[in-house]
Student: 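I am attaching a structure below and will ask some questions about it afterwards.
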Amino acid sequence: MPVDILSEVTCVQNIADGTFRLVLDAPEIAEKARPGQFAMVGFGSPFYDPFLRRPLAFAKAEWGRIEFTLRVVGWGTALLADISTGDQMPILGPLGNGFEKPEGRAILVAGGIGLPPLAFAASRWKDVVLLYGEKTASALCHLPHELECEKDIATEDGSDGRKGLVTDNLEEHIKKKPGTVYCCGPVPMLKEAVKICRGLNVRCYVSLEARMACGVGACMGCVIPAINGYKRVCKDGPVFDADEIDWEALGD
């Protein structure tokens, strides 16, 4: 069961262009959090402004602390990035369904800010390769450097790692050592990864993002098209078997 607590901020750190590391003291949540799950993070404002909390995937949970990696894309994330050590923030979590640990090889495909939940998985699992892509070197964040696993880093402009898309080498990695594929990132990236996995008859799981109001499945504000109707990203996901999703209806 999720818990709703006030959590103290222990670290706010700029780790890449417009990207921040946020660490909070939350032992009740840290002991339960699994890779792929998320929390609804509030602002602690006495004026309830912004009113709605923001969903953030766990990047790490250990020693009584939880960590998030957030990229400033709007007003809410800008406010979260501007908080200070010692501030109190309301946190509801852990929420959603996380990644199921594979029996064998795990091939993790992370595009942009889709990295945190997969980095969390890589820190907990063995026999892992992490494919991580960004547009340019200044957007690459620190998480992969902390992981003791095989890594394949790509930037679209070639300023760091190999030049190209994160999915360019996916087929090569699957053929080199088959396993279960786990993806998180922009929808076009997810669609390409799913296409490759289907062509090679490989099991694929995706973590989806959506705007959320409640985070617990009550408001129906984060529904996505699935093969058998609609699914709630917060309650039925955010991790889905790729074959559950109606990719054509989902759009980009």
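Bear in mind that the values here come from a model prediction, so they are computed numbers and not experimental data.
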Student: Looking at Thr10 and Val23, would you say the former's side chain and the latter's main chain have a donor-acceptor pair under 3.5 Å?
Tutor: yes

Student: Would you say Lys151 has more than 12 foreign heavy atoms packed within less than 6.0 Å of its NZ?
Tutor: yes

Student: I want to know whether Trp125 and Phe120 have ring centres closer than 6.0 Å.
Tutor: no

Student: Say whether, by atom type as modelled, one donor and one acceptor occur between the side chain of Asp236 and the main chain of Val233 under 3.5 angstrom.
Tutor: no

Student: Quick one: do the Arg71 and Thr19 side chains pair a donor with an acceptor below 3.5 Å?
Tutor: yes

Student: Would you call Tyr182 and Val109 a side-chain contact if the rule is heavy atoms closer than 4.5 Å?
Tutor: no

Student: Looking at Ser159 and Ala137, would you say the former's side chain and the latter's main chain have a donor-acceptor pair under 3.5 Å?
Tutor: yes

Student: Are Tyr205 and Phe99 close enough that their ring centres sit under 6.0 Å apart?
Tutor: no

Student: Within a reach of under 6.0 Å around CD of Glu146, are more than 12 heavy atoms found that belong to other residues, nucleotides or ligands?
Tutor: yes

Student: Okay, side chain of Thr155, backbone of Gly158: is any donor-acceptor separation there less than 3.5 Å?
Tutor: yes

Student: Is any NZ, NE, NH1 or NH2 atom of the basic residue among Glu172 and Lys176 found under 4.0 Å from an Asp or Glu carboxylate oxygen of the other?
Tutor: no

Student: Determine yes or no for a side-chain-to-main-chain donor-acceptor pair under 3.5 angstrom, with Glu244 supplying the side chain and Asp241 the backbone.
Tutor: yes

Student: Glu150 and salt bridge (Lys or Arg N to Asp or Glu O under 4.0 Å): which single residue from Lys126, Lys177, Arg105 fits?
Tutor: Arg105

Student: Any salt bridge linking Lys163 with Glu156? Criterion: basic side-chain nitrogen under 4.0 Å from a carboxylate oxygen.
Tutor: no

Student: Looking at Leu95, Leu56, Asp4, which hits side chain to side chain contact (heavy atoms under 4.5 Å, CB included) with Met40?
Tutor: Leu95

Student: Between the side chain of Lys32 and the main-chain N/O of Met1, is any donor-acceptor distance below 3.5 Å?
Tutor: yes

Student: I need the Cys197 SG to Leu190 CG distance, nearest 0.5 Å.
Tutor: 10.5 Å

Student: Donor-acceptor pair, distance only, cut-off 3.5 Å: does the side chain of Lys60 make one with the backbone of Ile66?
Tutor: no

Student: Taking Ile113 as the starting point, is it possible to reach Leu131 by hopping between hydrophobic residues whose side chains are less than 4.5 Å apart?
Tutor: no

Student: Got a salt bridge between Asp157 and Lys135, using NZ or NE/NH1/NH2 to carboxylate O under 4.0 Å?
Tutor: no

